[in-house]
Amino acid sequence: MQLANRTAIITGAGSGIGRATACRFAAEGACVGVADINDAAGLETVAMIEDEGGTGCFVHADVTVAPEVETMVSQTVDAYNGVDILVNNAYVCDGDDILTIGEELWNRNIRGCLSTTLLCCQAVLPHMIDRGKGTIVNIASVNGLLGLGEEAYSAAKAGVISLTQNIAVRYGEHGIRANSICPGSIQTPAWTAVLEKDPDLFNRLSKWYPLKRVGKPEEIAAAALFLASDQASFVTGTNLIVDGGLTAGLKRMGEELVGEGTE
Ligand SMILES: NC(=O)c1ccc[n+]([C@@H]2O[C@H](COP(=O)([O-])OP(=O)(O)OC[C@H]3O[C@@H](n4cnc5c(N)ncnc54)[C@H](O)[C@@H]3O)[C@@H](O)[C@H]2O)c1
């Protein structure tokens, strides 16, 4: 049990990576505050945790709204006498390109990914500073590392990596660690609508991955567990890329160039 006697808040825990992380943390002994804007989805995650003998409670929160974030943290702190771990996972991703994106859409992405991370950190940090310990895991994206389109989302995710580094250097002396994770493509309900229109997408996408597949939510949960646990006691300010090798290099480019040259 890597997280026995710990309390974790996980945002966006009603689906995908957040749900997998909530279930994994609970299986490792954590009491989990399952935060989501979608009550039915969040309650389903709590039921999944309890079915496996774990402990979790649902906290309704739209993490773009500061008072709801404050309530999310105070409810979890009251229920479990403190908070040891925060996983910022909830997000918004509305794509458009640089010339056409309007200010409203830009702000929606920055708010939904980056400002939410700031708000949640601001709400938990005083509790962590008081206790002289705590760990934060921010879910960023490979979109925050290189140009893949979805400009506003990508800029927000790059900001999440920077914010994480600054939390790490500013609050390390209080025993607080902060790290980010950059997932590659992960098969979650976030892809449902796209896959309905283009059922072959993951097959084509998989070819770009050195491991020849997209990832599973449980694989990001495992990375989050490592960073949140004492296994990572000397790891802070880092960005863990969990992308099946996608961003490691451009071997496929070389193969295509050679192929084109022999045509
Ligand atoms: N799935 C991928 O391919 C992928 C790749 C890279 C990064 N990520 C990142 O992983 C994280 C999770 O993605 P996912 O694919 O599991 O998403 P998902 O759509 O499956 O789940 C997101 C959850 O967040 C909740 N949510 C959305 N806005 C919220 C808000 N304002 N307040 C509270 N809850 C809110 C939703 O209700 C939902 O339950 C995101 O930060 C995303 O950027 C995902």
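In listed order, ligands and their atoms are each counted from 1.
- Below 3.5 Å of separation, one finds no N or O of Ala41 facing any N or O of ligand 1.
- Under a 3.5 Å cut-off, the side chain of Asn89 and the backbone N or O of Thr11 do form a donor-acceptor pair.
- For atom 26 (N) of ligand 1, the nearest non-hydrogen atom from the set Ile17, Asp62, Ile37 belongs to Ile37.
- Hydrophobic clustering of Ile, Leu, Val, Met, Phe, Trp and Tyr side chains at less than 4.5 Å, counting indirect connections, keeps Leu145 apart from Leu250.
- Counting only distance, with no hydrogens or angles, the side chain of Arg177 and the backbone of Leu227 share a donor-acceptor pair below 3.5 Å.
- No salt bridge links Arg19 with Asp36; every basic N to acidic carboxylate O contact stays at or beyond 4.0 Å.
- Atom 36 (C) of ligand 1 has Asp36 OD1, 3.5 Å as its closest protein atom, hydrogens excluded (heavy atom only).
- The heavy atom nearest to atom 9 (C) of ligand 1, out of those in Val34, Ile139, Ile10, Asp39, is found in Ile139.
- From the protein, the heavy atom lying nearest to atom 4 (C) of ligand 1 is Gly184 O, 3.9 Å.
- Taking distance alone, with nitrogen or oxygen atoms compared against 3.5 Å, Tyr153 approaches ligand 1 more closely than that limit.
- At the top of the distance list for atom 27 (C) of ligand 1, counting protein heavy atoms only, stands Tyr91 O, 3.7 Å.
- Judged purely by distance below 3.5 Å, without hydrogens or angles, the side chains of Asn88 and Asn138 pair a donor atom with an acceptor atom.
- Aromatic ring orientation, His174 versus Tyr171: tilted (interplanar angle from 30° to 60°).
- Close approach of ligand 1 to Gly14 (heavy-atom distance below 4.0 Å) involves ligand atoms 39 (O).
- Ionic pairing of Glu255 and Lys207 is not present here: no N-O contact between side-chain nitrogen and carboxylate oxygen is shorter than 4.0 angstrom.
- Using a 4.0 Å cut-off to heavy atoms of Ala140, the atoms of ligand 1 that qualify are 7 (C), 9 (C).
- The shortest N or O to N or O distance between Ala35 and ligand 1 is not under 3.5 Å.
- Considering backbone and side-chain atoms together, Ser15 places an N or O closer than 3.5 Å to an N or O of ligand 1.
- Inclusion of Asn38 in the set of residues having an N or O under 3.5 Å from an N or O of ligand 1 is not warranted.
- Not a single heavy atom of Gln187 sits under 4.0 Å from any atom of ligand 1.
- At a 3.5 angstrom cut-off on N or O pairs, Val142 does not count as close to ligand 1.
- Under 4.0 Å from ligand 1, the heavy atoms of Lys157 that appear belong solely to its side chain.
- With a 4.0 Å heavy-atom cut-off, ligand 1 is reached by the backbone of Ala61 but not by any atom from C-beta on.
- The shortest contact between atom 12 (C) of ligand 1 and any protein heavy atom is with Asn89 OD1, 3.1 Å.
- Counting protein heavy atoms only, atom 1 (N) of ligand 1 is closest to Ile186 O, 3.1 Å.
- Looking at Pro217 against ligand 1, nothing comes within 4.0 Å, counting heavy atoms.
- The closest protein non-hydrogen atom to atom 32 (N) of ligand 1 is Val63 N, 3.0 Å.
- Only the side chain of Thr188 comes within contact range of ligand 1, with a heavy atom under 4.0 Å; no backbone atom does.
- Using modelled atom types and a 3.5 Å distance limit, the side chains of Ser185 and Tyr209 yield a donor-acceptor pair.
- Ion pairing between Glu104 and Arg108 fails under the 4.0 Å rule for side-chain N and carboxylate O.
- For atom 23 (C) of ligand 1, the nearest non-hydrogen atom of the protein is Gly12 O, 3.5 Å.
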